[in-house]
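None of the values given here were measured: they were computed from a predicted structure. Excluded from the calculations below are hydrogen atoms, water molecules and symmetry mates; all remaining heavy atoms, backbone and side chain alike, are included. Note on naming: letters A, B, ... go to the chains in the order of the sequence lines (proteins, then strands), and numbering restarts at 1 for each one.
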Amino acid sequence: MEIAFLIEKVAIVVILFVVTLTIAAYSTLAERKVAAFLQDRVGPDRAGPFGVFQPLADGGKMFFKEETTPNGANKWLFIAGPSLALLTSFLGSAVIPWGQSINFFGRIVPLQVTDINVGILYIFGVVSLGVYGIMIGGWASNNKYSLMGAIRGASQNISYEIAMGLSIIALLLCTNSLSFKVIAEQQHGINWNFWYQPLGFLIFLVCAFAETNRVPFDLPECETELIGGYNTEYSGFKMGAYMFAEYINMFVSSAVMATLYFGGYNYPGMDFVNLHLGPTWGPLVGVAVLLGKILAFIFFFMWVRWTVPRFRYDQLMNLGWKILIPLAIANIVVTACVITFFDKF
Amino acid sequence: MILFYLVSLLTITFSLLVIFTKNPIYSVLYLIATFFTFTIHYVLLNAQFLAVVNFIVYMGAIMVLFLFVLMLMNLNKETEPMKSNLIKIIAVIAGGSLLVTLVGSFKQLSTLGISTVDKPEIGLVENLGKVLFSDFLLPFEVSSILLLSAMVGAVLLAKKDKSENG
């Protein structure tokens, strides 16, 4: 392993880490701004021009709040819960290709931390680990509301993972690869997977909402029934870690959706742009395009939050098991039939 | 090779901790850690598909259900069933005989030698899929039918009896 390779990977990881944190921090501001916009209010505007320093103020507040640990809570697991939630939320971004290989001072650098050939399954693994943070934190709080939230979180995640996996299988039939890099390369220009798998994308989108515990599927923390659910007993920065993990999850799942279904860094006319900007600046335009798509998805998450009311628990389970899973299976069958038919003739 | 010994050491440590911790929740968490070290073993053997499937199915789904059940149970010390000494002695004898049997069978195994490296690419998804759907098609289909019937059985058991609820 040469030194340059190591430096290159460390640089990508650090940049990715900083960008993820920044976007997650500004998502909290964006959420409040979008809420204000949809409800015809102004939103936070005191910290700096248009409230741009609000995330810093929020972060400072989190640090200076008193950390309380409830009596009878399990001390270690009470800390492990939010830590795990934060840790697992970061892991997913490692396999996402952020752009075409870039020519950086004569060196070809792939804009991806690692290209494992089972990238999609890796994302699934990380998503399925995400539930441990909620479960451990909820249980360790020694609070009935938290336990209810934890159990809701676990059952919801397991239920929607199945539909998510099935929707991906239909996509895999089209792409013939599990590697994110190959899937992104196949969607050159505007040859996006969305045009082949619109139903699969819809199922994946609904499942992504459920996996990130966003409204209308935020039953693990719904404040009207469970007073905050699994994070009821948390305060200060542990609470902040849970909140941050949710926004990072949102960012990563937006990136996954953009890469799998909406072409990732590809955009129409990219060959023309690459030809004129050269091998250094051309791929960077692609990175900007991908970030734009991700931000659009994040806006969509927020838009839905302030538009659609929360599901009831039985409705959530019905939707997952009786509507999404059969739909996903039908999608697989139809996709497989169409592919076989076109292969033969 | 150093990595292998390190990971093996971790595996054994975590498996022992699963048994020796008093709190069942900790046991499950150590079991999750054990499965994670298994995943690393699979990666070291270049069996990426098995590694990720072990990760998703065991760590991500089955152990979540274990935790789920344990968290709903009352884990107070008073309600814990205490076994009598006779049962403990019987358990030790039974476990000891099982250990002897295992050691005996492993002694036989070691003479066969390990032949995993003749096809290092066999663990990758593409090759594994081709093998499963050509050479091992019948066992593969039979096991999937087995899983399907288990699933149908579980749904049937979970279904409410309509006649009782009127």
Side-chain angles (χ1 to χ4, degrees), chain A residues 72 74 76-77 80-81 84 88 91 95 115-142 144 146-159 161-162 164-165 168 172 176-179 182 211 230 317 321-322 325, chain B residues 17 21-33 35-36 38-40 42-43 46-76 121 123-130 133 147-148 151 154-155 158-160:
Chain A
N74 187 317
W76 283 107
L77 294 184
L84 263 179
T88 51
L91 289 176
V95 290
D115 175 43
I116 44 180
N117 62 17
V118 285
I120 292 182
L121 294 178
Y122 169 84
I123 288 279
F124 267 104
V126 171
V127 164
S128 56
L129 277 198
V131 71
Y132 282 118
I134 291 178
M135 283 194 83
I136 290 172
W139 181 78
S141 303
N142 193 25
K144 294 283 187 290
S146 303
L147 186 65
M148 279 302 294
I151 283 165
R152 280 185 180 190
S155 45
Q156 173 178 327
N157 272 41
I158 291 181
S159 309
E161 252 166 43
I162 301 169
M164 197 181 216
I168 286 286
L172 295 181
N176 284 324
S177 174
L178 284 165
S179 151
V182 176
E211 295 288 332
Y230 62 90
M317 284 297 155
W321 289 95
K322 294 184 184 164
I325 291 180
Chain B
L17 281 169
T21 41
K22 288 268 158 71
N23 190 336
I25 295 274
Y26 282 132
S27 285
V28 171
L29 293 179
Y30 283 124
L31 196 56
I32 295 168
F35 283 136
F36 183 65
F38 285 175
T39 304
I40 303 175
Y42 284 132
V43 172
N46 210 13
Q48 296 184 349
F49 184 70
L50 263 186
V52 172
V53 167
N54 179 58
F55 196 84
I56 297 173
V57 174
Y58 282 90
M59 283 177 73
I62 293 180
M63 296 321 287
V64 170
L65 293 178
F66 269 51
L67 263 189
F68 196 103
V69 172
L70 277 180
M71 283 176 178
L72 286 175
M73 291 200 309
N74 192 6
L75 296 175
N76 288 335
E121 301 287 288
L124 304 186
V125 185
E126 206 183 335
N127 306 329
L128 196 69
K130 274 180 187 150
F133 281 100
L147 283 177
L148 184 69
M151 211 163 79
V155 170
K159 208 174 171 187
K160 271 186 199 150

Report task. Please report the C-alpha distance between B:Leu70 and A:Trp139 in whole Å, then the side-chain angles of each, then the deciding distance to 0.1 Å, and finally whether the side-chain contact (heavy atoms from CB on, under 4.5 Å) criterion is met. Result -> CA-CA 10 Å; B:Leu70 277 180; A:Trp139 181 78; over 6 Å; no
**Report entry** Minimum heavy-atom distance B:Phe55-A:Leu129, with the two atoms named
**Finding:** CZ-CD1, 3.5 Å
Requested in this report: For B:Phe68 and A:Ala154, work out which heavy atoms get closest and say how close.
Outcome: CD1-CB, 3.8 Å
Query raised in the report: In terms of heavy-atom proximity below 4.5 Å to chain B, should A:Ser155 be classed as side chain, backbone, both, or neither?
Result: both
Query raised in the report: chain B heavy atoms under 4.5 Å from A:Phe124: which part of the residue, side chain, backbone, both or neither?
Result: both
Query raised in the report: Looking at A:Leu77, A:Leu121, A:Val118, A:Ile158, which has the largest count of heavy-atom pairs under 4.5 Å with chain B?
Result: A:Leu121
Query raised in the report: Is there a donor-acceptor pair closer than 3.5 Å between any side-chain N or O of A:Tyr132 and the backbone N or O of B:Met59?
Result: yes
**Report entry** Qualifying residues under side chain to side chain donor-acceptor pair (under 3.5 Å), relative to A:Thr88, sequence neighbours excluded
**Finding:** none
Query - Residues forming a side chain to side chain donor-acceptor pair (under 3.5 Å) with A:Trp76, sequence neighbours excluded - result: none
Query raised in the report: Would the number of heavy atoms belonging to other residues, nucleotides or ligands and lying under 6.0 Å from OH of B:Tyr30 be above 12?
Result: no
Query raised in the report: So does B:Phe36 have more than 12 non-hydrogen atoms from other groups sitting under 6.0 Å from CZ?
Result: no
Query - B:Val64 portion near chain A, given a 4.5 angstrom heavy-atom threshold - result: both
Query raised in the report: Atom CG in B:Leu29, atom CE in A:Met135: separation rounded to 0.5 Å?
Result: 10.0 Å
